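Treat the numbers as computed from the prediction; the structure is a model and nothing was measured.
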Amino acid sequence: QIIQCLLEVGSEGLEMPDIAAKTLLGAPAIVKQIEALIGAEMVTFKTRDNNKVYFVNERSLREVFDYMFNDYAPRSA
């Protein structure tokens with residue numbers, strides 16, 4: 001849900017309250033998931049007006065999807 005809502009807003013990014021409003025997740029769940037996504041390099045953040053704004057790391061996400069497609073997609077005979 002977090003990646004989907006960050007993809008929808010693109011380069012604008014979202015702050016945590018906006019992520020909560022779009023995903024209907026509570027702050028503790030968002031914090032844990034954001035930390036995991038940052039650790040996996042799927043999400044990045046910038047500080048804007050003393051607030052963290054989160055963005056999808058599109059390059060990393062593309063690499064994961066390319067890997068999954070190339071290694072696990074069904075092959076035609």
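Heavy atoms of other residues, nucleotides or ligands lying less than 6.0 angstrom from CZ of Phe55 number more than 12.
Residues Met68 and Leu7 fall within the same hydrophobic cluster, defined by Ile, Leu, Val, Met, Phe, Trp and Tyr side chains chained together at heavy-atom separations under 4.5 Å. Hydrophobic clustering, with ILVMFWY side chains joined whenever heavy atoms are under 4.5 angstrom apart, keeps Phe69 apart from Phe65.
Side-chain contact between Ile2 and Lys22 is absent, with no heavy atoms from C-beta onward closer than 4.5 Å. Using a 4.5 Å heavy-atom cutoff, the side chains of Thr23 and Ile30 are in contact. You'll find the side chain of Leu24 stays beyond 4.5 Å of the side chain of Gln1, heavy atoms only. Side-chain atoms of Tyr54 and Leu6, non-hydrogen and from C-beta on, do get closer than 4.5 Å to each other. A 4.5 Å side-chain heavy-atom check between Val64 and Met42 finds at least one atom pair inside the cut-off. Between Val56 and Thr44, every side-chain heavy-atom pair lies at or beyond the 4.5 Å cut-off. The shortest side-chain heavy-atom distance between Glu12 and Val53 does not fall under the 4.5 Å cut-off. When side chains are defined from C-beta on, Leu37 counts as touching Ile3, because their heavy atoms get closer than 4.5 Å.
The backbone N or O of Glu41 lies less than 3.5 Å from a partner atom in the side chain of Asn57, making a donor-acceptor pair. Looking at Asp18, its side chain never comes within 3.5 Å of a backbone N or O of Leu14 through a donor-acceptor pair.
Between Ser60 and Ala40, the closest heavy-atom pair is OG-O, 4.1 Å.
Separating the CE atom in Met16 from the NZ atom in Lys52 is a distance of 7.5 Å, to the nearest 0.5 Å. With values rounded to the nearest 0.5 angstrom, Asn51 atom CG is found 15.0 Å from Lys46 atom NZ.
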Could you walk me through whether Leu25 and Gln33 satisfy the side chain to side chain contact (heavy atoms under 4.5 Å, CB included) test, starting with their C-alpha distance in whole Å, then the side-chain angles of each, then the deciding distance to 0.1 Å, before giving a yes or no?
CA-CA 10 Å; Leu25 296 171; Gln33 290 181 38; 4.1 Å; yes
